[in-house]
Amino acid sequence: MKRGLALYALGAYAFLHLPLLVLALWSFNASRFTVWQGFSLGWYSAAIADTRLVEAAANSLLIAAIATAASTVIGTLCAYGLWKRNSFTLSNSLYLSLVTPEIVTGVSLLAFFQWMFRYIGVRLGMHTVILAHLAFSIAFVVIVVMARLRTFDASLEEAALDLGANEWQAFRRVTLPVILPGVIAAALLAFTVSIDDYVITSLVAGVDSETLPMVIYSMARRGVSPVMNAISTIVVAGLGLLILASERLQRR
Amino acid sequence: MNRRIFLLSLPGLAGCTMSSRPRLNVYNWSEYVAPDTISNFEREFGVRVRYSTYESAEELVAKVWSGNSGWDVVFPSNTYIPPMRDQKLLAPVRHEWLPNLGNLEPVYQSPSWDPRLEWSVPYMHGATGIVYNSNVVHAAPGSWADFWQDRFERRATMLDDPVEVIGAALLKLGYPLNSGDAVQLRQARNEAISIKPRLRAYVNAEVRDQLIAGDMLAAQMWSADAQRSINASPALRFVYPSEGFALYGDAAVVLRESRRARLAHEFVNYLLRPEVSSAIALACGSSTANAAAMRLLPEPVRNNSTLYPGPNLLARGQWLETLTPASQRLRDRLWTEIKSA
Amino acid sequence: MILELRNVTKRFPGHPAVDGVSLAIEKGTFFSLLGPSGCGKTTTLRLVAGFEQADSGDVLLNGRRINELRPYHRNVSTVFQNYALFPHLTVRGNVEFGLRRKHAAEIDSLVRDVLELVQLTGKESRMPAEISGGERQRVALARSLVLAPDVLLLDEPLSALDPNLRKQMRSELKSLQRRVGVTFLFVTHDQEEALSLSDRMAVMNRGRIEQTGSPQEIYLRPSTRFVAGFLGAMNWYNGAGIRPESTRISREAPDNGARSLPAIVCSAVFLGNCFHIETRLAGGETILSEVLRSGEVFHPGDEVHVWWQAADELLFPHESP
Amino acid sequence: MTRLRAIFLAPAALVMGALFLAPLAIVAAYSLLTRGAYGGLSTPWTLENWARLADPIYGVILLRTVAISAVSTLLCLVLGFPLALFISRSGSRKNVYLNLVILPFWTSFLIRTYAWMFLLRDTGLINTALLALGVIHQPLPLLYNDGAVILGLVYANLPFMVLPLYATLERLDKSVLEAAADLGAKPWAELTRVTVPLSMPGILAGSILVFIPCLGAFLTPDLLGGGKSIMIGNVVQNQFTTARDWPFGAALSLALMAVVMLLLAAVVRRKGAALL
């Protein structure tokens, strides 16, 4: 059973990483096309030299980091509040935000920002992208954290109150540490949907806020370029190493 | 992890927002300038340009429709210029600030969508035709009707665009490209549905790699994309179908919301310089509307019929027009039918 | 009185969970609340702990009304049925959870003392998942006792243990209470636990208290049919209750003036120190008798007489049978 | 408690109100307007956009979309459950394994899709390999069909299945599983009779999180399906892009959202467990 599960997991990982390997391999190809013509780092130097690409990658990471942090905090608090007692309006708006097609979310936010900024006078930019990402990732966070809270034993919290902790301390010292794996999973999910979003981002982005998916879409329109494979490989390898490092640090 | 990235990125963010130099915001189609076009302008005029790109005309329109997008110069397709003008989104073109306007080819000095260039300055243009791989396809397709033949069975693609698919069907039937006639459009739909089983897919430029590798024998394609494919694989050929074909142009416009109209015009005028325009046309493999620039192009490029079909071929082309609401709506309904057939 | 409940009522949607309950518990007593599941005993406990708010009536701790106090402002502490140990904290972390405002040295000595009291010395750094059920219960006790509560509330703390361990923990619990002298309010549905542990006890049914008293009082002089039936086995005959151990069985009718009825033996079960003999009367009623094993031996089908002294009959004149 | 709960809910309520409900109200208003001459919005107010939804063609497309989405969701579950189980049982390495699931998704969706196209097409890696091995003699038509669409949807949404599943499985009390084993449950019986029922909240959450984006998908059917079979997400997308019929697009998407919400309510009621 155990070995069967491991083999199955191996297969699933192969499925998940096969395209990644293909694009990584491809990024070392000397040719621009999908024909192998020898090893080259040319696309990497081209990617790093492309200020627009690098800036967009930095923008993407910044947006995803801020939006993830905010939506994880807000979403976790919200899940906890809803777990205490459901709120019909709030939980249904979260559901609704989940079932809204991306293009509708994008168009509605664009219309809203433009209508609002007519009175406040701020333009589209980094902040609107971050707000949009926050808006569409909260539901994911709430759902994942809620799934975790459902298996949380409420008497743990009563025990904390009973032992002299007030409600906030009970949450902070007992509930939160116990549901932390769920919160981390939620944050990962939020980060993933944020860093990968194109449709909504492209609609609410302003002059200063081009993200990596936007640049990649614009490059891909004229045919696949190994430069985007190179930058993707850099981003994935970089974040992968970062995770590995933080894992090591935590264990120490 | 997040905190570290956040801290690392902060200086970058600050860098984006702080600059005392005047700044121009330009929003263009992707891959529509040469690598040094923008930096040269920045250097010469001592300004900063925020240059960003879009993938579809709709993306552009969605942004600028409200009139506070933040952009100064944008490049809509010709069919979008009348609506944008009517929506009062465009600033009038100040010819006195555009001494290079005379460089345009005569035909673009007075295009049908803006005969006196009051609102727009033509930039690049293109056409829709058929690309095929001459290594495998020995009898060259010459018309849209050829495209319907069995020999391309499941090894041909059409563009994923209702204007082009319905347009090709209309032209094959001998109807005008911009037809709003319900009967003609319904016939065109039937034509499009009849070819669908023989098509492998509806795809845009992405088909390029598969054409080069030989997965596909032929594809409906825009001329600039076709030229890029031909550059990569000389076995590919581009034909202008005999029944006629779609012509389209993109033009530079200054948005009414712009608070830097003068600088915006400087930029448009800069783009009209022969050497700038020819560099762009060379770098992007697109067709410039600038006659003076054309003269600077290397001989093979200038005589390349894919990019510059010449007056005889052009005479068969039909400019895409802004569709009426009724026609647009019918076409969308028919497109949905074609796609779900 | 260290803890007093005066006419406390708590309604849940549809039904009253606690209905006009009054209780008075003296300092240092081991007080049990006994009743079937759903009788309101746990809700009563939660009202004292502060997890529920009474709709009416008063809860007094040391003579002070605490109805509105949040759980963390009440000097009472609860041992939960499932112990509710914090899974992310060690044994020590659990025990010192409530001691945050004290000095480190003081915490150290308090924790050391209480762990010694519950015999957990040496297991400080274990996680709750790494210790046995009995040890978990002791951690739960230690975690509460270290706070020196006025009243320790125990919500069926023995029910999660296996039967052998339950017996052992029962006696440990009693001796622990003697040693620390803290007032225990112990909720259980197990009459044997209540009878053996309590100094005083109350029997609850349908949100009301049926009777309060010492275990002997309640067992020997139940004031309602419910209490009589809930505590120990009870035979019912003509509206009177007779304990099995009050009945006798003989081949011949006795001539000592006792109430005597002819019956047929249905079953005889040997329990080591006694027999449980079930007989059927002429009217179809069955009577359970507990008879000493030194006496006569009966077999199913034997024709016998069941008898008892009228003085042993328990009567409930205010209740209709 | 009520006060703390209110404080906890306030930020989310603010964000959802300002950044979701208010913008959605604008879209709802759009659905009652008329398409302008060139595709903008104009008066008069009308219900016509809603009336157009009665056209059966949209129903047919919706049913097709639901079928494809359901198959994709099921495959995600089949693929994701054992993976989540494996991760939740791999002790101290589980964070690494979890991150390995997410890692591919930090590349752009488009890049991953192109990588799949490169794998699947006639001269792609898979066909080339199979031809070279002599397994096949003609390239298999792997790309540009419903199978490729489903593959793309499964691939794109797998983490949405694995993450919530992991979150519940990780929490499953070891003692419950041990008790099941104690009672003589074979591994398979333990899985089907204990693990699966207990992880139902995660299964439900994951399925909903996969099913919903599948319903709205438009790029996957375009790129991997070759745009030959349209999904409802394409129709919505088209209204806001090529057709420039925002009022109809608004009505269409609101109707779609209503259908999904009803579906969701039915599932949630039937299973007696909610996501939120």
Side-chain angles (χ1 to χ4, degrees), chain A residues 1 5 8-9 12-13 16-17 19-20 22-23 34 74 77-78 80-82 84 90-91 93-94 97-101 103-104 107-109 111-112 131 134-135 138 142-144 146-148 150-151 167 181-182 185 188-189 192 195-196 213 216-217 220 224 228 232 235-236 239-240 243 247, chain D residues 1 4-5 8-9 11-13 15-16 19-24 26-27 79 82-83 85-86 95-96 99-112 114-116 118-119 158-159 163-164 166-168 170-171 187 201-202 205 212 216 233 236-237 240 253 257 260-261 264 275-276:
Chain A
M1 179 76 184
L5 199 59
Y8 197 102
Y13 279 119
L16 282 168
H17 289 260
L20 203 68
V22 166
L23 75 87
T34 49
I74 296 177
L77 294 181
C78 173
Y80 181 75
L82 290 177
K84 283 272 162 202
L90 191 55
S91 59
S93 13
L94 286 164
S97 85
L98 205 63
V99 308
T100 309
I103 183 88
V104 177
V107 165
S108 67
L109 277 169
F112 177 71
L131 285 176
L134 174 61
I138 280 187
V142 175
I143 282 171
V144 176
M146 189 59 102
R148 182 58 183 240
R150 277 190 193 294
T151 57
E167 279 90 356
L188 276 177
L189 194 62
T192 308
I195 203 147
D196 198 17
I216 285 171
Y217 272 64
V224 190
M228 31 193 244
S232 302
V235 168
V236 168
L239 288 175
I243 285 171
E247 198 75 23
Chain D
M1 188 58 239
L4 190 72
R5 177 176 171 271
F8 274 28
L9 290 182
V15 170
M16 292 313 285
L19 294 175
F20 177 68
L21 292 180
L24 195 65
I26 299 180
V27 169
L79 198 62
L83 187 58
L85 195 64
F86 169 77
N95 276 341
V96 175
N99 283 316
L100 272 179
V101 173
I102 312 279
L103 204 61
F105 297 86
W106 292 350
T107 60
S108 168
F109 170 83
L110 201 67
I111 290 194
R112 295 189 313 263
Y114 277 120
W116 272 116
F118 174 59
L119 282 165
L158 196 55
L163 281 180
Y166 162 78
T168 36
E170 199 265 346
R171 185 72 202 111
I212 289 169
V236 170
Q237 189 79 10
F240 287 102
S253 40
M257 287 161 67
V260 181
M261 284 298 276
L264 210 60
L275 270 188
L276 299 174

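All chains are named by letter (A, B, ...) in the order of the sequence lines, taking the proteins before the strands, and each is independently numbered beginning at 1.
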| Taking every heavy-atom pair that is under 4.5 Å apart, which of Thr100(A), Ile138(A), Leu134(A), Val144(A) has the most such pairs with chain D? | Thr100(A)
| query | Which pair of non-hydrogen atoms, one from Ser253(D) and one from Pro101(A), has the smallest distance, and what is that distance? | reply | CB-CG, 4.1 Å
| query | Donor-acceptor pair, His17(A) side chain versus Leu100(D) backbone, under 3.5 Å? | reply | yes
| Taking all non-hydrogen atoms of both residues, which atom of Val22(A) and which atom of Phe118(D) are closest, and how far apart? | CG1-CD2, 3.4 Å
| said: Does any backbone or side-chain atom of Ile212(D) lie under 4.5 Å from a heavy atom of chain A? Answer side chain, backbone, both or neither. | reply: side chain
| said: Side chains of Leu16(A) and Leu83(D), heavy atoms from C-beta outward: is any pair under 4.5 Å? | reply: yes
| task | Indicate the atoms forming the closest heavy-atom contact of Thr107(D) with Ser232(A), along with that distance. | result | CG2-CB, 3.9 Å
| message | If you define the side chain from C-beta out and look only at heavy atoms, does anything of Thr192(A) sit under 4.5 Å from Trp106(D)? | response | yes
| said: So for Leu109(A), is it side chain, backbone, both, or neither that comes closer than 4.5 Å to the heavy atoms of chain D? | reply: both
| request: Mind ranking Pro104(D), Ala115(D), Gly202(D) by heavy-atom pairs under 4.5 Å with chain A and telling me who comes out on top? | output: Pro104(D)
| query | In terms of heavy-atom pairs under 4.5 Å with chain A, which of Pro82(D), Ala22(D), Pro164(D) leads? | reply | Pro82(D)
| Best-contacting candidate, Val260(D), Ile102(D), Thr168(D), Asn99(D), against chain A by heavy atom pairs under 4.5 angstrom | Asn99(D)
| task | Identify the heavy atoms of Leu103(D) and Gly240(A) that sit nearest to each other, and give their distance. | result | CD1-CA, 4.0 Å
| message | Counting only non-hydrogen atoms closer than 4.5 Å, does Leu24(D) touch chain A with its backbone (N, CA, C, O), its side chain (CB onward), both, or neither? | response | both
| Picking from Ala9(A), Ala185(A), Gly182(A), Pro19(A), which has the most non-hydrogen pairs under 4.5 angstrom with chain D? | Pro19(A)
| query | Quick one: NZ on Lys84(A) to CZ on Phe8(D), what's the gap to the nearest 0.5 Å? | reply | 9.5 Å
| remark: When Leu20(A), Val236(A), Ile216(A) are each screened for side-chain contact (heavy atoms from CB on, under 4.5 Å) with Ile111(D), the one that passes is Ile216(A)
| query | Considering only heavy atoms from C-beta outward, does the side chain of Val142(A) approach that of Met16(D) to under 4.5 Å? | reply | no
| remark: dist Asn95(D):CG -> Leu188(A):CG (nearest 0.5 Å) comes out at 8.5 Å
| request: Tell me, for Ile195(A) versus chain D, whether the close heavy atoms (under 4.5 Å) come from the side chain, the backbone, both or neither. | output: side chain
| Smallest separation among heavy atoms of Phe20(D) and Ser93(A), with atom names | CE2-O, 3.4 Å
| Under a 4.5 Å cut-off applied to non-hydrogen side-chain atoms, are Val104(A) and Phe240(D) in contact? | yes
| query | Does the side chain of Ile26(D) reach to within under 4.5 Å of the side chain of Ser108(A), using non-hydrogen atoms? | reply | no
| query | Which class fits the ring pair Phe86(D) and Tyr13(A): parallel under 30°, tilted 30 to 60°, perpendicular over 60°? | reply | perpendicular
| Side chain, backbone, both or neither: which part of Leu158(D) has an atom under 4.5 Å from a heavy atom of chain A? | side chain
